[in-house]
Amino acid sequence: MTSDFLSACSAIVGSDFVLTKESEQYPYLTDWRQRYLGKALAVLLPQSTEEVARLVQLCALHQIACVPQGGNTGLVLGSIPDQSGNAVVISLKRMNRVLAVDVSNNTMTVEVGCLLADVQTAAAAQDRLFPLSLASEGSCTIGGNLSTNAGGTAVLRYGNTRELCLGLEVVTAQGEVWNGLRGLRKDNTGYDLRDLFIGAEGTLGIITAAVLKLFPQPRAQITAFAALDNADAALDLLRLCQHALGPTLTAFELISDFSLQLVLKHFPQLQHPFVGNYHYYALLEISDHESETHAIALMEQVLEQAINDGHAVNAVCATSISQSHSLWKLRESISEAQAREGKNIKHDISIPVSQIPQFIYVTDAELAIAFPGCQIVCFGHMGDGNLHYNVSAPAGSSDADFILQQPAINRIVHDQVHQFKGSISAEHGLGMLKRDEIKLYKSELEMAMMRAIKTALDPQNLMNPGKVL
Ligand code: FAD
């Protein structure tokens with residue numbers, strides 16, 4: 001029975017692209033942080049939409065679950081199978097062609113296995129910008145970005161992946177191909193199926209191609225680092241920047257001093273932007289359509305006003321691309337620095353921007369009482385209200401013991417998020433990791449509507465079962 005199924009898979013994609021050996025399958029079965037190892041009947045690597053459709057039809061016939069996978073950089077255990085060994089992984093990474101660029105319509109049609117970095121490069125070759133930007137952009141795929149509705153550093157100006165997509169092609173759970181590859185900015189013709197599949201984490205169907213929005217390339221991007229006395233000052237600075245810069249402001253990242261110190265400890269080649277330490281820092285980026293000189297003048301003017309108004313206590317503005325990269329490197333290295341330091345308990349949360357300082361004060365204080373000495377690595381996309389609020393063990397104590405406190409720590413952090421009317425998953429999704437946690441915070445009605453959609457589109461529950469719901 002299994003061998004019949006595998007032979008039929010080989011007949012569709014070729015035997016080289018049906019991986020059954022443990023050693024070949026390994027990278028597809030474990031997550032980015034190597035916390036979990038799933039099992040699969042096979043890893044299948046189709047090269048066309050037709051092949052995906054035929055594989056899904058075959059799976060439906062044999063009642064075999066499918067786990068779609070892109071770059072496998074997801075952080076919530078969504079892209080790997082469970083340990084039953086009954087599912088197949090369908091990796092889309094061989095479907096990596098740019099199909100068309102319509103410069104006048106400012107759109108690009110791509111297969112979903114394209115790496116995000118390659119899409120950015122293809123857009124730049126046409127003097128256009130595809131603004132989605134994540135630290136994993138060299139490994140993650142457009143299909144994964146769409147399926148997780150990825151965020152990243154440019155959401156403040158351009159929105160999440162959902163806002164960057166106009167049309168989709170999807171292989172349904174029955175193995176039919178829905179061609180919704182429309183390049184329209186206006187289309188009010190009933191339920192928005194595109195938006196259902198975006199952010200569905202592969203639980204409703206397999207996205208095979210997409211029409212993406214492009215934007216004019218800015219003439220200059222300038223980065224600055226501001227030192228702040230406290231989290232309230234970050235909110236004041238953000239408000240000032242938004243007022244003074246409008247859509248020119250493309251990133252506003254918050255970095256706590258503890259986060260910066262971890263980076264400097266584990267990446268000694270990187271330089272502290274200031275001589276002394278401050279409680280918080282903000283990394284700002286502006287994208288200017290006039291010139292570099294104009295951009296620098298604009299940034300310097302805002303920073304000067306921020307210092308005069310008491311929102312920032314110090315600031316540096318990068319005047320070259322390499323200086324700009326060095327400042328971004330400080331922000332992008334936080335996750336890796338944390339990993340080198342040891343294990344920690346991560347939270348990817350969002351809060352209304354106006355509530356962020358209060359959330360930080362209240363939650364820091366509650367954790368300090370419950371877990372004296374615990375260390376908080378707080379950083380993230382403050383401009384869109386998204387914090388990575390990670391908690392690690394008190395200095396000198398065992399990580400392994402501390403990790404056992406995860407349920408209690410999650411409860412404190414997520415209950416506060418809920419109190420502040422926030423979300424326990426801002427940009428990474430739910431996957432297997434937060435599937436049970438979400439039930440504590442979404443209403444039964446909302447969960448029931450989600451289950452009804454799942455049952456309508458995937459009545460056999462074969463598309464990435466056990467994820468999200
Ligand atoms: P995968 O991990 O392969 O899959 C993710 C989910 O999408 C899974 O549920 C999978 O089943 C589903 N899926 C994949 N392809 C398809 C498809 N074609 N059709 C249907 N379902 C599919 N995320 C952010 O949002 N913002 C960040 O700033 C960010 N920074 C990161 C930094 C690092 C260093 C790392 C490791 C990750 C980061 N992430 C971030 C998380 C991750 O990179 C994103 O979620 C990314 O969008 C996942 O893309 P992927 O191709 O790796 O998808």
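When a residue number appears, it is its place in the shown sequence, counting from 1. Order of appearance sets the numbers: ligands from 1, and atoms from 1 within every ligand. Computed from a prediction, not measured in an experiment: that's the story for all the values here.
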Is it true that [Y] and [X] share a donor-acceptor pair across their side chains at a distance under 3.5 Å?
X: His266; Y: Gln338; value: no
X: His347; Y: Asn410; value: yes
X: Glu137; Y: Gln120; value: yes

**Study point:** Glu446 with Arg451: basic N within carboxylate O range, under 4.0 Å
**Key:** no
Point to revise | Geometric cation-pi criterion Arg331 and Phe379, 6.0 Å radius, 45° cone | key: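 Relative to the ring axis of Phe379, which defines the angle, Arg331 lies outside at least one limit.
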**Study point:** pair Leu116-Phe130: side-chain heavy atoms closer than 4.5 Å
**Key:**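 Yes - at least one pair of side-chain heavy atoms lies under 4.5 Å apart.
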Review point. At a 4.0 angstrom heavy-atom cut-off, what protein residues surround ligand 1?
Key: Trp32, Pro68, Gln69, Gly70, Gly71, Asn72, Thr73, Gly74, Leu75, Gly78, Ser79, Leu92, Val112, Leu134, Ala135, Ser136, Cys140, Thr141, Gly143, Gly144, Asn145, Ser147, Thr148, Ala150, Gly151, Gly152, Glu201, Gly202, Gly205, Ile206, Ile207, His381, Glu427, His428, Asn464
